[in-house]
Amino acid sequence: MVNPHQIITAKQLLGKLARKELEGREWVVKDDLLIINTTEYNKLHFKNITFKKTVKIGFSTIQFGVFFENCEFFEPVSIERLVCNSYSNNENIDNCNILFSACKASYIHIRNKSEFLRDIKFTNECNIENLLITDTKIAKSGGVQINNSSISGILDLSSITGNIQINNNELYKLRVNSCTGDFSIIKSTFHDWVQIRNLECPISLVFNDNIFEDKVDISGSRLKHFSIIGDTFQKKIKLENRDTSNGLPTHLNELYIREVTFMEVGEFDGLGEQINQIKIPITPKLIGTLKIENWKVGELNIHGINQNLKLILSQLLVKRIAMIGFTNYGDITFERCSADNTNFKTELAPNSSMMLAHADLGRTKFIEFDFNSFDFIRVINSSFNEIYTSNVVWFDENKLQIEDDNQNEVKIAKRTREVYRQLKQSLKASGNQIDSLEFQAREMKSYRKELKFQGKDYKMSDRVIMSVNMSNDYGLSWLKPAVIILCITLIFYTFMLPLFSEDLNYTLAKNRGEINNTFSQWFNNFNVFWQLFNPVRKFSTVYGEIESSWLQFFDLIHRIILGILIYQIIKGFRRFASK
């Protein structure tokens, strides 16, 4: 029960404040406290006071600020068009101009072109139903701080110039609109929706170790850096890079996501705009579904061990993809991505690139991915054994860069061959026979380079085998061995003609008649040429009753070559065969 001697009027309160008689007792103010149009006070400090009626302070200059400690407000509190333009270590409390410490209130509104030199601060377990701060300017040395408090209705921050910090609070609804300054939310719980519109952060927007129980929507903002670290989103979080209604262009320069739980989905839609860097260090604590789409990206950096994240990277144009020290045991999809060869160019890094170092891509999916759009692809000790691809454009051979510290050509060739072997195996395992044969051919080319660089160890038998395999481009061409067969058969026919023709021998023509006779015999016996294409031909049927050891020898050599090249033609047709 309130002691009657503690009940005072607002006028009595201000009198006691002037005489410094408020200390050491609790007071109850029974009527409205109105401090309007005055420069009488350098400082207002209320402690242990219960306000039964409205508190309104405004249209005034109070040099050092207004401070409420352990106060309770039954009616709205309004601070309007208030100017606090000085700071003193002796006069200001807790480095701020406006302070609510351990207070209870149903409604607090700070508004209407108020200006402060230092912080607006709510701290020490304030319990507020609705808190609105609008049309307020705080100097660079200050901002809005809400610490260790609870807001059971709505926290509405609108048209604020100054940094905003929300630390270790329990809140319900949060609405942020048209604010300029860095913004951080740390170790807080939100039981209802969060809406952020038209926010401009010169340095960063930070979410750290928060729990969001409802939807989070961020749009129309201009952010230099956005970090999300250790947060839990129980419903969808969406950032949309859509321009504001007043026509201001929006941007996000850097995105950093680590150890976040997305129980529904985290969706970051760039709407075709640019972002300098997306950095995702993946650990087992990064959980759920994350979708990043429609950005032009300067650098996409992914590293760590993925066990619990479903990452969808859709419709991105990327100048540089870096996957260094990365292992994928989860689900990662690159969908309709390609290189950005127009934006983000610098003198030191003019080319687009894809960098894979000490990476195991696991079952990473590449859907309609254009590898060939990158200027180069650098691979260092990485694995492609289980990747899945669909309708991709593969890179040209000259775009693959494999390096060795000592520039050992044999090691470079071996590592190149291993990359192609892994791609061949993964494509074959997924049923992509056509593309797997392409990488099988590249694997054999790399192996041939490896043998050549070995020098003396490159045996003649190996040289013959590799040369024969080159006749159909290592299984990719049927036309090339067919043309070779035609040319070789023509050579053998011409060379063997004197052995089965009675009117020719191996001597030089001495006159025009002998030249004409040679061409005449070449054309008259041309039916033999066509029969030479049959590897199982009967000797007497083709050449007649001729006994010549040399003819039989050359005929056998031609049959062997013909059989080998026919097999090479058959191998060339495998590329388009069903099995």
Side-chain angles (χ1 to χ4, degrees), residues 10-11 13-20 22 29 32-47 49 51 53-69 71 73 75-101 103 105 107-123 126 128 130-147 149 155-166 176-183 198-200 202:
K11 184 177 181 180
L13 173 70
L14 294 176
K16 290 180 179 293
L17 178 65
R19 297 188 299 271
K20 298 182 179 180
L22 292 178
V29 181
D32 293 335
L33 175 63
L34 303 177
I35 302 174
I36 306 294
N37 291 323
T38 181
T39 58
E40 180 181 350
Y41 304 100
N42 289 332
K43 171 183 174 181
L44 293 174
H45 185 192
F46 303 106
K47 189 173 183 179
I49 298 174
F51 296 90
K53 297 295 183 178
T54 300
V55 175
K56 186 172 183 180
I57 303 171
F59 300 90
S60 302
T61 297
I62 299 176
Q63 187 176 1
F64 297 111
V66 181
F67 309 95
F68 296 96
E69 292 188 83
C71 296
F73 306 90
E75 296 292 334
V77 179
S78 176
I79 298 175
E80 182 176 359
R81 198 169 288 191
L82 177 66
V83 176
C84 301
N85 53 15
S86 297
Y87 175 79
S88 167
N89 288 330
N90 296 324
E91 299 294 338
N92 289 77
I93 300 173
D94 208 5
N95 194 33
C96 60
N97 289 135
I98 302 294
L99 174 66
F100 289 84
S101 176
C103 294
Y107 184 91
I108 299 175
H109 195 175
I110 303 172
R111 58 181 174 169
N112 198 7
K113 298 182 180 180
S114 293
E115 295 185 16
F116 306 104
L117 184 65
R118 295 299 173 104
D119 292 341
I120 300 172
K121 185 173 291 187
F122 298 82
T123 188
C126 284
I128 304 168
N130 298 291
L131 173 58
L132 290 79
I133 304 175
T134 61
D135 196 13
T136 298
K137 183 177 181 181
I138 304 121
K140 290 183 179 179
S141 56
V144 176
Q145 290 192 35
I146 304 172
N147 304 325
S149 299
L155 171 58
D156 193 332
L157 307 172
S158 178
S159 300
I160 297 173
T161 300
N163 300 332
I164 300 171
Q165 297 179 18
I166 300 174
V176 180
N177 187 38
S178 301
C179 295
T180 301
D182 295 318
F183 192 177
N198 192 24
L199 174 65
E200 182 169 346

| note | Rounded to the nearest 0.5 angstrom, the CG-CD1 distance for Asn147 and Ile166 is 9.5 Å
| More than 12 heavy atoms of other groups within 6.0 Å of Lys16 NZ | yes
| task | Please examine the side chains of Leu22 and Leu13, heavy atoms only from C-beta on, and report whether any two atoms are closer than 4.5 Å. | result | yes
Less than 3.5 Å apart, which donor and acceptor atoms pair up between the side chains of residues 34-45 and the rest of the protein, not counting sequence neighbours?
unit_1, atom_1, unit_2, atom_2, d
Thr38, OG1, Glu40, N, 2.9
Lys43, NZ, Glu91, O, 2.9
His45, NE2, Glu69, OE2, 2.6

| message | Cys179 vs Ile164, test: side-chain contact (heavy atoms from CB on, under 4.5 Å). Steps then yes/no. | response | CA-CA 9 Å; Cys179 295; Ile164 300 171; 4.2 Å; yes
| query | Which atom pair, heavy atoms only, marks the closest approach of Asp32 to Thr54? | reply | OD1-N, 3.0 Å
| message | Can you tell me how far apart CD1 (Ile93) and CD1 (Ile98) are? Round to the nearest 0.5 Å. | response | 11.5 Å
| field | Within-4.5 Å side-chain heavy-atom neighbours: Cys84 and Arg118 | value | no
| query | Would a 4.5 Å heavy-atom cut-off, applied to side chains only, mark Val55 and Phe46 as touching? | reply | no
| Between OG1 on residue Thr136 and NE2 on residue His109, distance to nearest 0.5 Å | 7.5 Å
| request: Would you sort out whether Tyr87 and Asn85 count as a side chain to side chain donor-acceptor pair (under 3.5 Å), showing the intermediate values? | output: CA-CA 7 Å; Tyr87 175 79; Asn85 53 15; over 6 Å; no
| How long is the span from the NZ atom in Lys137 to the CG atom in Leu117, to the nearest 0.5 Å? | 11.5 Å
| request: Evaluate the side-chain proximity of Thr134 to Asn177: yes if any heavy-atom separation is below 4.5 Å, no if none is. | output: no
| Within the distance-only criterion (no hydrogens, no angle test), does the side chain of Asn163 pair as donor or acceptor with the backbone N or O of Gly181 below 3.5 angstrom? | no
| query | Ser60 and Leu82: side-chain contact (heavy atoms from CB on, under 4.5 Å), yes or no, with the steps? | reply | CA-CA 5 Å; Ser60 302; Leu82 177 66; 4.3 Å; yes
| query | What do the steps show when you test Phe67 against Ser101 for side-chain contact (heavy atoms from CB on, under 4.5 Å), and what is the final call? | reply | CA-CA 8 Å; Phe67 309 95; Ser101 176; over 6 Å; no
| request: Search all heavy atoms of Asp119 against all heavy atoms of Cys96 and return the closest pair with its distance. | output: O-CB, 3.1 Å
| query | Who passes side-chain contact (heavy atoms from CB on, under 4.5 Å) against Thr180, sequence neighbours left out? | reply | Glu200
| request: Any chance you could lay out the side-chain contact (heavy atoms from CB on, under 4.5 Å) test for Ile79 and Ile120, step after step, and finish with the verdict? | output: CA-CA 11 Å; Ile79 298 175; Ile120 300 172; over 6 Å; no
| task | Please round to the nearest 0.5 Å and tell me the distance separating atom CG of Asp135 and atom NZ of Lys113. | result | 6.5 Å
| message | If you compare all heavy atoms of Asn92 against all heavy atoms of Phe64, which two are closest, and at what distance to 0.1 Å? | response | ND2-O, 2.8 Å
| said: Can you tell me how far apart CG (Leu131) and CD1 (Ile110) are? Round to the nearest 0.5 Å. | reply: 6.5 Å
| task | Name the orientation class of the two ring planes belonging to Phe68 and Phe100 (parallel below 30°, tilted from 30 to 60°, perpendicular beyond 60°). | result | parallel
